K.L.:
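Below you'll find the structure I mean.
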Amino acid sequence: MLIAVAPLGDGGAVLRRVGDDGTPVGSAEHVADLAAAVRGAERGGDVRWLWASAEVYPALVRAGVSVARCHDLELTEALLLGSEGEWGAPRRLVAAWARLNGGVVTPDPPARQPAPPGDVQEALFDPTPADAAPPGFDTLDAAVAVYAAQLGRIAGTPMPGRFRLLVAAESAGGLLAVEMGRDGLPWDAGTHDAVLTELLGEPSRVGGPPSRLGELAQEIADAFGVARVNADSPAEVLKAFRRAGYPVNSTAAWELRRIDHPAVPLLTRYKELYRIWTAHGWAWRQQWVRDGRFHPEYVPAGVVSGRWATRGGGALQIPKVIRASVRADPGWRLVVADAAQLEPRILAAVADDPGMARAAGAGDMYAALAAEAFHGDRAIAKVALLGAMYGQVGGQAAPALARLRQSYPKAFAYVEDAARTGEAGGLVRSWLGRTCPPPSASWTEGTWTGGSAAAAQDGAEGWGDPESGGNVRGSVARSRARGRFTRNFVIQATAAEWALALLATLRTRLSGTPARIVFFQHDEVIVHAPRDGTDEVVAAVHEAAASASQLLFGQTPVRFPLGVAVVESYADAK
DNA sequence: AGTTTCATATGG
DNA sequence: CTCGCCATATGAAACT
């Protein structure tokens, strides 16, 4: 049984029961207190909520209510639109309803700016504004109608059973994302201060650079024998090196590392510290940490591959040295679990390559591959596998890839097929049916620095017809880049699904316990739990991983081992 | 002055 | 001729 929810904006809502087949049961019911109604229904047993989590759930969570399951109409709409070749079309309920009724489809509102915790008045509920609703639109009726239509569309996907699993996992993720943003990541300001002071020195009173950065800047200037050089300006640094007789083309660390000059290590250190100061320093904490919790805003499926993104706070790029600040509360622990070698194991599973699946049954898959096919050279085996998944073709990858192709033809063909499809302009899907976005005009040739600049220069030098020659080669490069994208999509998107399935199971397992999932980063999850309860959490995480594997792949020789650490500080994991 | 792109760092 | 995927965040530089 489902219950469709239409919030009214005053804390109340209109509800309607819906059968699993999408037909409404009984009539609409007005409740004055949605939070109380939801709490009551959850106690009553097996119920699934029909709503868009991002719009309804934050207010409920703030009111102290959580729910076990939902069908997220918006996240599902986005999945279906992608599957139907309408990637990026408006996903909001009003738009889905308009499509259903042949009305005018209004675009989704632009994503809100990242909202630091607590500095804005948070709305009670966020119903569709009356002026934005098309004539005849009723939130409750629309939810019911769109749900029924979605059921039919799901049945029409190439693999409906898998797609249903995807919808369930995505919806659970929608709930968890709200909960995690609300709960926040335990953050110890004292430790953070100690780390910052150790690295950066004393903070400047006026908000300028801390002492160590100022000293480093002076040391850099001294190394060049000048009075001052702005280390933040690539142009100035480049000029300084050239004046000193070093013909460098950029100030990137990888290029500077190759030259021998006293300023190089100083610059590298400066940039590292500067980034910590600006992106994760005192000002950052002031903005994002409240009452000992870092509150990023998670965006499920914010990445085209289905990975989550975050808005604000840089939650998915916390530098390793800063992780010491992530500390469990007194008497509590962090259970840090990460999936080891997830993507290559996913490749072994989806390609159903017997040899590779056998290797993926080992604790160290690269070592197992090396033993079987790479003369025991683990590093080469790793290069081959990563090259196959990312589309590398040159350098040391070439011979390694040839061996991979020879020894594991089915796995090789799987990613190769995805690449060919992409190069030809086609679409690929993940294991559960998430579809990649179509090629678009905004698709660039790639991100390597030489790409477009080199092509433009070739044209100017008159390599054949400057215009058509440049275009042809540009389009080939674009097609290749597209091939690398689709090649990687089938793996990365499926890995994201596995992680999402783990999360969904783990969330269910931990409900009703004090343990909370407080962080999720692609293939890694952190649970905050009372010290006495960590054994059960560790068991739950392992079971969730096994469950994810079973849900996606059924019986398979591929193993998905987890590295699990029970620690007081995130820095102590691994 | 405000906006967009580039360069460089971080994470997986 | 060359050829490694997905992101976010910052300040400088370039552009409108």
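Values reported hereafter were calculated over all heavy atoms of this structure, with side chains retained and with hydrogens, waters and symmetry mates removed. So you know, we letter chains A, B, ... as the sequences are listed, proteins then strands, and number each from 1. Values in this document were obtained by computation on a predicted structure and should not be read as measured data.
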K.L.:
Roughly how many Å is it from CZ in A:Arg434 to P in C:dC6, rounded to a whole number?
P.N.:
15 Å
K.L.:
Given atom OH of A:Tyr390 and atom C1' of C:dA7, what is their separation to the nearest angstrom?
P.N.:
12 Å
K.L.:
Could you tell me the separation between the CZ atom of A:Arg307 and the C1' atom of C:dT8, rounded to a whole number of Å?
P.N.:
13 Å
K.L.:
Give a yes or no on whether a salt bridge exists between A:Arg307 and A:Glu343, defined as a side-chain N under 4.0 angstrom from a carboxylate O.
P.N.:
yes
K.L.:
If you compare every side-chain N and O of A:Thr251 against the phosphate oxygens of B:dT8 (OP1, OP2), does one of them come in below 4.0 Å?
P.N.:
yes
K.L.:
Among C:dT10, C:dG4, B:dG12, which is the nearest nucleotide to the side chain of A:Ala279?
P.N.:
C:dT10
K.L.:
Of the listed nucleotides (C:dA7, B:dT10, C:dA12), which one gets closest to any side-chain atom of A:Val304?
P.N.:
C:dA7
K.L.:
Using only side-chain N and O atoms of A:Lys271, determine if any of them is under 4.0 Å from OP1 or OP2 of B:dA9.
P.N.:
yes
K.L.:
May I ask you to check whether A:His261 and A:Phe224 place their ring centres under 6.0 Å from each other?
P.N.:
yes
K.L.:
Of all the choices, C:dT8, B:dG12, C:dT10, which nucleotide is nearest to the side chain of A:Gln492 once you look at every atom?
P.N.:
B:dG12
K.L.:
Anything under 3.5 Å between a donor and an acceptor, one on a side chain of residues 395-407 of chain A, the other on a protein residue two or more places apart or in another chain? List them.
P.N.:
unit_1: A:Ser407; atom_1: OG; unit_2: A:Arg403; atom_2: O; d: 3.2

K.L.:
Is the phosphate of C:dG4, meaning OP1 or OP2, less than 4.0 Å from a side-chain N or O of A:Arg484?
P.N.:
no
K.L.:
Can you check the A:Gln521 CD to C:dT8 C1' distance for me, whole Å?
P.N.:
11 Å
K.L.:
Out of B:dT8, C:dT10, C:dC5, which nucleotide sits closest to the side chain of A:Ala252?
P.N.:
B:dT8
K.L.:
Rounded to whole angstrom units, what separation is found between the CG atom of A:Leu238 and the C1' atom of B:dC6?
P.N.:
13 Å
K.L.:
Would you jot down, in residue-number order, the residues of residues 334-348 of chain A having a non-hydrogen atom under 4.0 Å from DNA chain C?
P.N.:
none
K.L.:
In terms of side-chain heavy atoms of A:Arg275, which of B:dA9, B:dT8, C:dC6 is nearest?
P.N.:
B:dA9
K.L.:
Ring pair (Phe, Tyr, Trp, His ring centres under 6.0 Å): which pairs involve residues 393-440 of chain A, sequence neighbours left out?
P.N.:
A:Trp431-A:Phe553
K.L.:
May I ask you to say whether A:Glu179 pairs ionically with A:Arg182, meaning some side-chain N is under 4.0 Å from a carboxylate O?
P.N.:
no
K.L.:
Does some side-chain heavy atom of A:Phe519 sit less than 4.5 Å from a side-chain heavy atom of A:His528?
P.N.:
no
K.L.:
With a 4.0 Å cut-off, would you call A:Arg378 and A:Asp364 a salt bridge?
P.N.:
yes
K.L.:
Starting the side chain at C-beta, find the nucleotide from C:dA9, B:dG12, C:dA7 nearest to A:Val303.
P.N.:
C:dA7
K.L.:
Considering every strand and a 4.0 Å limit on heavy-atom distances, what is the contact class for A:Val393: base, sugar-phosphate, or nothing?
P.N.:
base
K.L.:
It should be established whether A:Lys382 places a side-chain nitrogen or oxygen under 4.0 Å from OP1 or OP2 of nucleotide C:dG4.
P.N.:
no
K.L.:
Under a 4.0 Å threshold between the charged nitrogen and the carboxylate oxygen, would A:Arg212 count as salt-bridged to A:Glu198?
P.N.:
no
K.L.:
Once ring pair (Phe, Tyr, Trp, His ring centres under 6.0 Å) is applied, do any residues pair with A:Tyr390, and if so which ones, sequence neighbours excluded?
P.N.:
none
K.L.:
Answer with base, sugar-phosphate or nothing: what part of the nucleic acid does A:Phe489 contact at a heavy-atom distance below 4.0 Å?
P.N.:
nothing
K.L.:
Which whole-number value in Å describes the distance from A:Glu423 CD to C:dC3 C1'?
P.N.:
11 Å
K.L.:
Could you check A:Tyr274 against A:Gly394 and say which one's nearest nucleotide on DNA chain C is further toward the 5' end?
P.N.:
A:Gly394
K.L.:
So that I can tick it off, tell me whether A:Asp183 and A:Arg293 are bridged by a salt bridge, with the cut-off set at under 4.0 angstrom between side-chain N and carboxylate O.
P.N.:
no
K.L.:
I'd like a list of close polar pairs between nucleotides 13-16 of chain C and the protein, N/O only, cut-off under 3.5 Å.
P.N.:
unit_1: C:dA13; atom_1: OP1; unit_2: A:Ser233; atom_2: OG; d: 2.4

K.L.:
How long is the line joining CD of A:Gln317 and C1' of C:dA9, in whole Å?
P.N.:
7 Å
K.L.:
Distance check needed: B:dA9 C1' versus A:Arg257 CZ, whole Å only.
P.N.:
12 Å
K.L.:
Show me the donor-acceptor pairs within less than 3.5 Å that the side chains of residues 275-284 of chain A make with the rest of the protein, sequence neighbours left out.
P.N.:
unit_1: A:Thr278; atom_1: OG1; unit_2: A:Tyr274; atom_2: O; d: 3.1
unit_1: A:Thr278; atom_1: OG1; unit_2: A:Arg275; atom_2: O; d: 3.3
unit_1: A:Trp282; atom_1: NE1; unit_2: A:Asp193; atom_2: OD1; d: 2.8
unit_1: A:Trp284; atom_1: NE1; unit_2: A:Gly313; atom_2: O; d: 3.0

K.L.:
When you get a sec, tell me which of C:dG4, C:dC5, C:dA9 is the closest nucleotide to the side chain of A:Asn488?
P.N.:
C:dC5
